[in-house]
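Reviewing the structure listed below.
First listed ligand is number 1; within each ligand, the first listed atom is number 1. Because only heavy atoms are used, hydrogens play no part in the values below, and waters and symmetry mates are left out as well, while side chains stay in.
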Amino acid sequence: MSRIEYILGCFLVLCGLLGFVNPAFSAGNTAQPNSCVQCHSKLSESSFYGAKSHSWIGSIHQQHGVTCNMCHGGNPAATQEKQAHIGVLGSSNPHSPIYYKNIPATCGKCHGAEYYKFKQSVPYHLLQTTGRGPDCVTCHGSMVTKVLSPNDMAAVCARCHNPRMGVSPYITQQAKAVLLLIREGNVLLAAEKRLYPAPRSPQVAKTLTQAGIALHNAKLNWHTFHLDAITNYLLTFYDTVQKLPPAPSVSH
Ligand code: HEC
Ligand code: HEC
Ligand code: HEC
Ligand code: HEC
Ligand code: HEC
């Protein structure tokens, strides 16, 4: 056996082991075994249904024990496919919780504040009336559940907000700029918290709390799509951070 083959062999064995002990599929985070996770883990990752199920692994939802049935329904205690699937409907069925028009309400069961804001937005109205408009999974993914990068977000908006279609084309660049500011805010707030380690003076503690609230409001109001309102919350955030006293000297 050549050296390369040997290394490759070790690699494959290692992959096999990792796959075998993958805690995600042993449903280690949930108290009871979940038949959806157990059976779907056996579907090939290259199949449509398999790929969908596999992408949930490692997501923030998996980490917090938000299992398949919490979004799809069905019976996670039944081991037979037929029994487990009672109440589970595909995305093309208008009664399904994952039919595109129903997705905001499905996510909103747990994310009520974002859902409440989103319901007041122009895109939500467009989604319900014309079926065209971004919904929660457009920006967060269905099972990966992340937040799009500023460039990817701009690409989503540019599908409609572009000079050729003439629908408020300026929105694409504005949305990208606002999202960059939110991201910088996340980084800045984390850095300030490290700079003023606990125990904090009452003034520093209060200022950091106020900054955190302003940044949270900016994120929450992103879901109304009122980019000007979000910008105002971001300005409040940056103003508040300015009010912090000179940083204590940091010892390494
Ligand atoms: C014993 C195996 C098995 C169990 C248990 C199981 N599934 Fe499935 N599921 C499958 C297979 C296989 C498919 C592929 C489509 C088919 O053959 O019906 C599928 C398809 C699906 C689909 C797509 C349906 C469609 O019509 O597009 C969803 C959603 C789904 N399963 C969710 C769940 C949920 C939620 C649970 C737990 C409550 C669950 N499954 C339990 C094997 C299983
Ligand atoms: C946070 C909610 C959520 C969780 C948790 C979740 N899904 Fe999904 N799933 C969705 C949404 C929303 C869609 C439809 C959007 C899309 O296709 O991207 C979807 C699509 C699917 C599909 C394709 C169905 C179709 O008809 O297009 C399958 C299969 C599926 N999920 C299986 C699973 C399995 C198995 C798990 C657990 C391992 C799981 N899902 C966990 C929300 C969720
Ligand atoms: C059964 C409850 C439940 C449902 C349904 C649910 N989530 Fe979550 N979600 C959670 C929990 C718990 C967390 C982790 C704690 C937190 O951030 O609140 C979370 C976190 C998130 C985050 C934060 C990610 C991050 O990196 O901070 C996003 C975004 C998210 N969910 C989007 C969605 C979307 C989109 C849907 C619908 C497809 C959905 N959720 C459905 C419970 C749920
Ligand atoms: C047009 C894109 C877009 C849509 C549509 C969207 N979101 Fe968001 N969402 C964002 C952005 C941007 C953030 C903040 C990003 C960050 O923290 O960096 C966010 C943050 C979140 C968070 C985390 C909040 C926090 O304080 O950390 C949750 C939970 C969430 N969204 C849920 C939802 C739900 C539920 C829906 C549908 C009702 C939805 N989102 C629709 C873009 C979107
Ligand atoms: C599928 C097409 C589509 C996508 C994708 C889309 N929009 Fe829109 N959006 C529209 C349409 C159509 C209108 C209504 C335009 C009007 O009334 O002038 C609109 C209106 C808006 C408005 C209100 C504009 C105003 O002048 O009052 C905002 C804000 C907005 N969209 C933000 C966004 C953002 C941010 C994104 C990307 C995350 C996005 N949209 C993605 C189609 C879309």
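- For the pair His54/Tyr49, no side-chain contact is recorded, criterion being any heavy-atom separation below 4.5 Å from C-beta on.
- Using a 4.5 Å heavy-atom cutoff, the side chains of Ile182 and Leu234 are in contact.
- Residue Ser91 places no heavy atom under 4.0 Å from ligand 1.
- The contact set between ligand 5 and Ser168, taken as ligand atoms under 4.0 Å from a residue heavy atom, comprises 26 (O).
- Looking at His226 against ligand 5, nothing comes within 4.0 Å, counting heavy atoms.
- The side-chain tip of Lys119 does not point at the ring of Tyr116 from less than 6.0 angstrom away and within 45° of straight on.
- Atoms of ligand 1 found under 4.0 Å from any heavy atom of Leu43, numbered from 1 in the order shown, are 12 (C).
- Using a 4.0 Å cut-off between heavy atoms, Thr138 makes no contact with ligand 5 at all.
- Against a heavy-atom cut-off of under 4.0 Å, Cys136 is close to the following atoms of ligand 3: 35 (C).
- Each of the atoms 1 (C), 2 (C), 3 (C), 4 (C), 5 (C), 42 (C), 43 (C) of ligand 3 lies under 4.0 Å from some heavy atom of Cys110.
- Note on atom 8 (Fe) of ligand 1: protein N/O/S atoms under 2.8 Å are His40 NE2, His85 NE2.
- The Gly73 neighbourhood of ligand 1 comprises atoms 35 (C), 38 (C), with distances under 4.0 Å to a heavy atom of that residue.
- Under a 4.0 Å criterion applied to the non-hydrogen atoms of Val167, ligand 5 contributes the atoms 11 (C), 12 (C), 13 (C), 15 (C).
- Of all the atoms in ligand 3, the ones that sit under 4.0 Å from a non-hydrogen atom of Met70 are 1 (C).
- At a heavy-atom cutoff of 4.0 Å, ligand 1 is contacted by the backbone of Asn75 but not by its side chain.
- Although no hydrogens or angles enter the test, the distance criterion places a donor-acceptor pair under 3.5 Å between the side chain of His223 and the main chain of Leu220.
- Residues Val66 and Trp56 approach most closely at O-NE1, 3.0 Å, considering heavy atoms.
- The shortest non-hydrogen separation linking Asp135 to Val137 is OD1-N, 2.9 Å.
- Applying the 4.0 Å criterion to heavy atoms of Thr106 picks out, from ligand 3, the atoms 5 (C).
- Atom 6 (C) of ligand 3 has its nearest heavy-atom neighbour, among Lys109, His61, Glu114, Gln63, in His61.
- Distance check for atom 27 (O) of ligand 5: every protein heavy atom is found at 4.0 Å or beyond.
- Checking side-chain atoms of Glu192 against main-chain N and O of Leu208 turns up no donor-acceptor pair under 3.5 Å.
- A distance-only check finds a donor-acceptor pair linking the side chain of Tyr238 to the backbone of Gly185 [under 3.5 Å].
- A donor-acceptor contact shorter than 3.5 Å links the side chain of Asn162 to the backbone of Met165.
- Within a 4.0 Å radius of atom 8 (Fe) of ligand 5, the protein has at least one heavy atom.
- A pairwise comparison of heavy atoms in Ala84 and Ser35 identifies CB-OG, 4.2 Å as the closest pair.
- Residue contacts with ligand 5, taken as heavy atom pairs separated by less than 4.0 Å, involve Cys157 via backbone and side-chain atoms alike.
- At least one heavy atom of Tyr170 sits closer than 4.0 Å to an atom of ligand 5.
- When each atom of ligand 5 is checked for a heavy atom of Ala175 under 4.0 Å away, the hits are 35 (C).
- Judged purely by atom type and a 3.5 angstrom limit, Arg183 has no side-chain atom pairing as donor or acceptor with the backbone of Pro150.
- Distances from atom 8 (Fe) of ligand 3 show that Cys107 has no N/O/S atom below 2.8 Å.
- For atom 29 (C) of ligand 5, the closest heavy atom belonging to the protein is Phe225 O, 3.1 Å.
- Atoms of ligand 5 lying under 4.0 Å from at least one heavy atom of Leu126, given by number and element, are 9 (N), 10 (C), 11 (C), 12 (C), 13 (C), 19 (C), 42 (C).
- Minimum interatomic distance between Pro134 and Phe225 (heavy atoms only, all atoms of both residues): CG-CZ, 4.2 Å.
- A donor-acceptor contact closer than 3.5 angstrom links the side chains of Asn69 and Asn34.
- Of the protein's non-hydrogen atoms, Ile171 CD1, 3.6 Å is the one closest to atom 24 (C) of ligand 5.
- Shown in contact with Val156 at under 4.0 Å from a heavy atom are these atoms of ligand 5, numbered in order with element: 5 (C).
- Residues Leu127 and Pro104 approach most closely at CD2-CG, 4.0 Å, considering heavy atoms.
- Distances between N or O atoms of His161 and those of ligand 5 include at least one value under 3.5 Å.
- Between the side chain of Thr172 and the backbone N or O of His161 there is at least one donor-acceptor pair closer than 3.5 Å.
- Taking every non-hydrogen atom of Cys160 and a distance limit under 4.0 Å, the qualifying atoms of ligand 5 come out as 1 (C), 2 (C), 3 (C), 4 (C), 5 (C), 42 (C), 43 (C).
- When all heavy atoms of Cys68 and Cys36 are compared, the closest pair comes out as SG-CB, 3.6 Å.
- Looking only at distances, no side-chain donor or acceptor of Lys101 sits under 3.5 Å from a matching main-chain atom of Thr129.
- Contact annotation for Thr79 and ligand 1: only backbone heavy atoms (N, CA, C, O) come within less than 4.0 Å of the ligand.
- At least one heavy atom of Val122 lies less than 4.0 angstrom from ligand 5.
- Not a single donor-acceptor pair under 3.5 Å links the side chain of His216 to the backbone N or O of Ala211.
- Below 4.0 Å from some heavy atom of His72 lie the following atoms of ligand 1, by number and element: 29 (C), 35 (C).
- There is a path of hydrophobic side-chain contacts, each under 4.5 Å, that joins Leu188 to Leu244.
- With hydrogens left out, the protein atom closest to atom 25 (C) of ligand 1 is Gly90 CA, 3.6 Å, a heavy atom.
- Ring-plane geometry between Tyr124 and Tyr115 is classed as perpendicular, the angle between the planes exceeding 60 degrees on a 0 to 90 degree scale with a lower cut at 30.
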